[in-house]
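Proteins get letters first, then strands, A, B, ... in listed order; numbering begins at 1 in each. Side chains included, hydrogens not; waters and symmetry mates left out as well; all remaining heavy atoms used.
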Amino acid sequence: MDKRKTYSNGAGGASKRFRGEDEDTPMSTFEEELALLESEESELIASEDSLQPAPESQEVDARWSRPALPPLDPAADDITFQQMETDYYLGYPLPGMPGAQTGLIPIMRMFGVTSEGHSVCCHVHGFAPYLFVPVPEFFKPEWCATFQRVLNTAMMRETKSVTEVPQAVLDVELVKRQSMYGYQGAGPVPFLRITVAQPRLVAAAKRMLERGEVVVEQLGGWQYRAYESNVDFEIRFMIDTNVVGCNWITLPAGSWRRRAVDPSGGPQPVSLSQLEVDVAWNKFISHPPEGEWQKVAPIRILSFDIECSNRKGIFPEPEKDAVIQIANMVINQGDKDPFIRNIFTLKSCAPVVGSDVRSYEDEGVLLRDWADFIRQVDPDIITGYNINNFDLPYLINRAKALKVATFPFLGRIRGRRTEVKTTVLQSKQMGKRESNTINTEGRTQFDLIMFLRREYKLRSYSLNAVSFHFLQEQKEDVHHNMISTLQEGDAHTRRRLAVYCLKDAYLPLKLIDKLMCVINYMEMARVTGVPMSFLLTRGQQIKVVSQLLRKARQQGLVMPVYENKGGDTGESFEGATVIEPRKGYYDVPIATLDFSSLYPSIMMAHNLCYTSLLEPKDIDKYGLKPDQYIKTPSGNLFVKPSLRPGLLPEILRELLAARKKAKGDLKKETDPLRKQVLDGRQLALKISANSVYGFTGATVGKLPCLEISQSVTAFGRMMIEKTKEEVEKRYNIANGYKHDAKVIYGDTDSVMVRFGVSTVKDAMELGNEAAAFVSGKFVNPIKLEFEKVYFPYLLINKKRYAGLYFTRPEIHDKMDCKGIETVRRDNCPLLGNLINVCLQKLLIERDPDGAVDHAKQVISDLLCNRIDISQLVISKELTKTDADYSAKQAHVQLANKMKKRDPGNAPKLGDRVPYDPIYVLENSVPIDCQYYLENQLSKPLLRIFEPILGENKAESILLSE
DNA sequence: TAATGGTAGGGGAGGAAAGTAAGCGCGTAT
DNA sequence: TAGTGATACGCGCTTACATTCCTCCCCTAC
């Protein structure tokens, strides 16, 4: 890309750049600046006559660039970098590299950063896609050539559309493998490993083989079945080369060639990375993320936010409405503050202390320069708030409308146009959600709203609400119909807008730091082996698949391709037990015993896995004796580890052992950044272990196995039942204890026990003892642990309770509420707060009268219209498209109504629909207090007061007025 | 097209279904 | 003695209304 030297533009008149008056005095921080702005209408605004034309800004450009690359000698220097993104492209073979030498072939590409902060693009050559098919025992090695010829001929005929493939089937090799699905008896059996020229040919080969279109004489009518033909090519590469997401790679001296613009005729650089190299796929070293290789490179994270002009009441449309500001913040991962803070503004803007203001008269030039800025700064991660669904598509479409030819090249590959494609991702966990795919090769997009939607359940996902929730920082929203007014004012009003825009670019960085988003996802990528970008764009299954395939490969096992039956098969299995609660208010300590990692430990204890699953008919086939296999409570058969230790149990053991180690290291570690990394790691390991069970039960998935999942839950049901029995059988007066213990409730892996004792300390002692006692009744590594004591404890219903939570006898840790209105997002905040306060008064202060008074007060406030309207907003999520709803839903109707009023701002699929927004105020719709009292407040209030006060007294609260 | 972790369960909303009381017409006894 | 009208009452039917049940939907627990 051409070096841009100045921000003055030729087309639309000279652009101006403003500076603060006193360059030499230390500048206030951004926060102070914002605080100042909020407190008064700032003194910092320069008066018109102090405005100066922009000086040439060479020194600023230098600050944007990465540190200069030292000279490198391919013969003597290693290159080591943290790989951040791995993808592939189709290109022509490089002479001297392994693999196919003609045609268009896939070439892998790893983008990364060295520990000095240099960006690297590494082309990896010679790795080709493949699949397996089992063949009969009598298959002779010399038949491979025939097989290859026949298959190749058939594929060449069929796949004419695939251009520049001189040979579709590159290789056929006879190997020994074993299917991972079902116990297969003794040894490995013959498979063909079929290597093809391009990733898309894998599916074609599978189709032809399974359809019986490939006839090899010696095999007759052999029915082919494909294995591992559905593995993503990037994942395939990473598995086979032991690369995991975000790990460190070393290219040893002598193995790599640098691409440089020189006349020698070698391959030319195609990327914007500082260092671009070629290497053979089997020549680089991939470091497992352990020890020193847990470190993190100084990754550049760019956060940006845009503001658009808009016409009254109409959501901005890129074809018509201008981009008026773009704020940018760039930080090195691990640093405290951004080292670049700037804002591109349309028309003049008074200076903002601490930030670089760049003003333009011509919007097209602004966009052109912003794209140049991106390429100059060369960020590894691009973040922001809702950039995937708004900012990025808007900029791209706006640039298209203004015909800014150089704009849509935001990735690291020269000449690769950045485009927007909409996709729908649907999962049971997330519901249906639309998102855009925007290619920025080599730069990972990390839209914070997507992260938050996945990782946190919140009432509202507006940046404002999120900032308040996590940072206790409110950003004063500029209402969207104010934007144009501010823009059409003068340099000072535009400055106001700029300050908000800058803050919106800054908040995502603060949130990333506070929530450790990048670190945690990096660790998740390392643990599960997938690229970091998959964590936001793909589902849960790919992570398990990646781990499973890696483990399977070590043992010569291959994964079959499971064909999803079309439509809903309705297949399901029985889940966990929820013990019928003995509802009521307990003014005695209740001890809680939990199985730690219940499902993983069941799978480990009983060797439940694909590889150990035994078909009843196979008992005779393999001549198994009854002591060689087990029958699970759901009636499924699994062989014991002595015959074949399962893959899943092994994966789980490693995950849990690694977690234990990470937690141990975490305790010893003193460096705050490394502490964060370790904490992220242990969390990733825990989540990974827990998702293995879900994977086996995912009927629309890569490899469901209900025998495993239903056995797991059946064992779980048995165990919780047995725990209840054992505790009650032992802890009673007949056995010399002072009281009869009673299990009052339990869910899946926990039991709540009333031992009858009156102090927390006594309950803890008995809890510990009972946990150890019951653990002894189960197979290793199943362990029941004493976790906490609730005192007092209000048990309202299944999955609904509240209590004071004690982990030590002296003082409670917190008030714990489960399932009740305080933790639900579909009530108005008024109710949540009211219940919360009442519970605090009841449980902590032990002041029922105070609680009643408070409730009465709130009800009377409500009836007298003294409640802030924001407290009455109810929100619900739009989980499916309008047509998919079969029943009438209030929030769906509301969403449709909002769409008619203002199509741009209306809630979309996956958004939460807030009822009664500002609309109510503006249109002075009367608030139906009676509705709120009757439909929102009364029942929940009765539910918490009744067990404590009795029915009559509880009801009287509502009649107070 | 490709891709999509699980089940249990509370509770609200709304509609269908079954229940019930009121209203009415009709027949009949007085 | 037979016929007539007024009245009360039982019965079945219709209608309006309250209740229950069921399903959908959201969201949570684990």
Side-chain angles (χ1 to χ4, degrees), chain A residues 200 203 230 232 421 423-433 435 437 454 457-459 528 534 537-545 562 564 568 571-581 583 592 594-599 687-706 708-710 712-714 716-717 720 745-752 787 796-801 816-827 831 874-880 884-893 912-913 931 934-936 938-940 942-943:
Chain A
R200 60 195 298 188
N230 56 349
D232 299 290
K421 283 185 203 131
T423 49
V424 176
L425 185 81
Q426 184 175 10
S427 77
K428 279 192 184 165
Q429 190 183 31
M430 302 284 300
K432 217 172 186 177
R433 191 148 283 155
S435 67
T437 311
R454 280 188 179 235
K457 297 258 171 212
L458 301 173
R459 276 172 185 266
T528 58
F534 277 31
T537 57
R538 305 277 296 263
Q540 302 290 326
Q541 297 202 35
I542 187 69
K543 296 191 277 187
V544 182
V545 170
Y562 173 81
N564 277 319
D568 288 336
E571 258 184 310
S572 193
F573 60 95
E574 192 181 342
T577 303
V578 183
I579 295 174
E580 194 58 47
K583 302 174 198 174
T592 307
D594 288 53
F595 286 104
S596 58
S597 303
L598 177 67
Y599 287 177
I687 296 171
S688 297
N690 284 333
S691 54
V692 170
Y693 149 79
F695 175 77
T696 65
T699 41
V700 272
K702 276 259 157 76
L703 198 61
C705 181
L706 295 194
I708 297 175
S709 36
Q710 73 190 12
V712 170
T713 55
R717 290 193 298 275
I720 193 172
Y745 179 56
D747 186 345
T748 311
D749 62 353
S750 64
V751 287
M752 274 61 165
E787 201 177 65
I796 296 168
N797 213 333
K798 282 183 174 177
K799 300 190 188 287
R800 293 166 71 83
Y801 58 82
D816 200 20
C817 297
K818 288 291 164 70
I820 52 185
E821 285 68 19
T822 50
V823 297
R824 291 185 65 89
R825 297 179 294 169
D826 51 357
N827 299 301
L831 175 65
I874 304 168
S875 77
K876 278 191 171 61
E877 193 178 299
L878 217 50
T879 54
K880 38 182 118 175
D884 288 346
Y885 279 101
S886 60
K888 221 178 187 178
Q889 294 295 118
H891 69 292
V892 180
Q893 308 248 331
R912 295 187 66 78
V913 187
Y931 166 84
E934 282 169 17
N935 295 48
Q936 289 277 314
S938 73
K939 284 189 179 179
L942 280 180
R943 279 196 292 264

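A/Tyr801 comes within 4.0 angstrom of sugar-phosphate atoms only, judged by non-hydrogen atoms across all strands, and of no base. Residue A/Asn827 is classed as having no contact, given no heavy-atom separation below 4.0 Å to the nucleic acid. As judged by a 4.0 angstrom heavy-atom cut-off over every strand, A/Arg943 is placed among residues touching the sugar-phosphate backbone only. Among the atoms of the strands shown, only primed sugar atoms or phosphate atoms (P, OP1, OP2) are found under 4.0 Å from some heavy atom of A/Arg800. A/Lys421 comes within 4.0 angstrom of nothing in the nucleic acid, heavy atoms only. Residue A/Gly575 is in sugar-phosphate contact alone, with no base atom involved, counting any heavy-atom pair closer than 4.0 Å across all strands shown. Looking at heavy-atom distances under 4.0 Å, A/Val823 makes contact with sugar-phosphate atoms alone, never a base. Residue-level contact check: A/Tyr599 touches neither bases nor backbone, having no heavy atom under 4.0 Å from any strand. Within 4.0 Å (heavy atoms only), A/Arg459 reaches no atom of the nucleic acid at all. As judged by a 4.0 angstrom heavy-atom cut-off over every strand, A/Lys818 is placed among residues touching the sugar-phosphate backbone only.
The minimum heavy-atom distance between A/Ser709 and A/Thr696, with the atom names listed, is CB-OG1, 3.5 Å. Smallest separation of non-hydrogen atoms from A/Thr879 and A/Tyr885: N-OH, 3.0 Å.
When distances run from any side-chain atom of A/Asp749 to the nucleotides C/dC30, B/dG9, B/dA3, the shortest one goes to C/dC30. The side chain of A/Asn797 approaches B/dG10 more closely than any other nucleotide in the set B/dG10, B/dG9, B/dA3. Nearest to the side-chain atoms of A/Lys939 among the listed nucleotides B/dA8, B/dG12, C/dT28 stands B/dG12. With B/dT7, C/dC26, B/dT4 as the candidates, the nucleotide lying closest to the side chain of A/Asp826 is C/dC26. Side chain of A/Ala698, nearest nucleotide from C/dC25, B/dG6, B/dG11: B/dG6. In the set B/dG11, C/dC26, C/dA29, the nucleotide with an atom closest to the side chain of A/His891 is C/dC26. For A/Arg538, taking side-chain heavy atoms from C-beta onward, the closest of the listed nucleotides B/dA8, C/dC27, B/dT4 is B/dT4. Considering only the side chain of A/Val578, B/dA8 comes nearest among B/dA8, B/dG11, C/dC27.
Side-chain to base pairing of A/Asn564 with B/dT4: one donor and one acceptor N or O lie within less than 3.5 Å of each other.
For the pair A/Gln541 and A/Lys876, both in contact range of DNA chain B, the more 5′-proximal nearest nucleotide belongs to A/Gln541.
Salt-bridge annotation for A/Asp747 and A/Lys818: absent, with no side-chain N of the basic residue lying under 4.0 Å from a carboxylate O of the acidic one.
A donor-acceptor pair under 3.5 Å is absent between the side-chain atoms of A/Glu821 and the main chain of A/Gln936, judged by distance alone.
The side chain of A/Arg825 places an N or O atom within less than 4.0 Å of a non-bridging phosphate oxygen (OP1 or OP2) of C/dT28. For C/dC26, one of the phosphate oxygens OP1 or OP2 lies less than 4.0 angstrom from a side-chain nitrogen or oxygen of A/Thr879.
With both ends at atom C1', the span from B/dA18 to C/dA16 equals 15 Å, rounded to whole Å.
Just one residue in the list A/Ile708, A/Leu598, A/Val712, A/Val544 forms a side chain to side chain contact (heavy atoms under 4.5 Å, CB included) with A/Tyr693, and that residue is A/Val712.
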- [ ] Applying side-chain contact (heavy atoms from CB on, under 4.5 Å), run through A/Phe695 and A/Val545 and close with a yes or a no.
- [x] CA-CA 9 Å; A/Phe695 175 77; A/Val545 170; 3.6 Å; yes
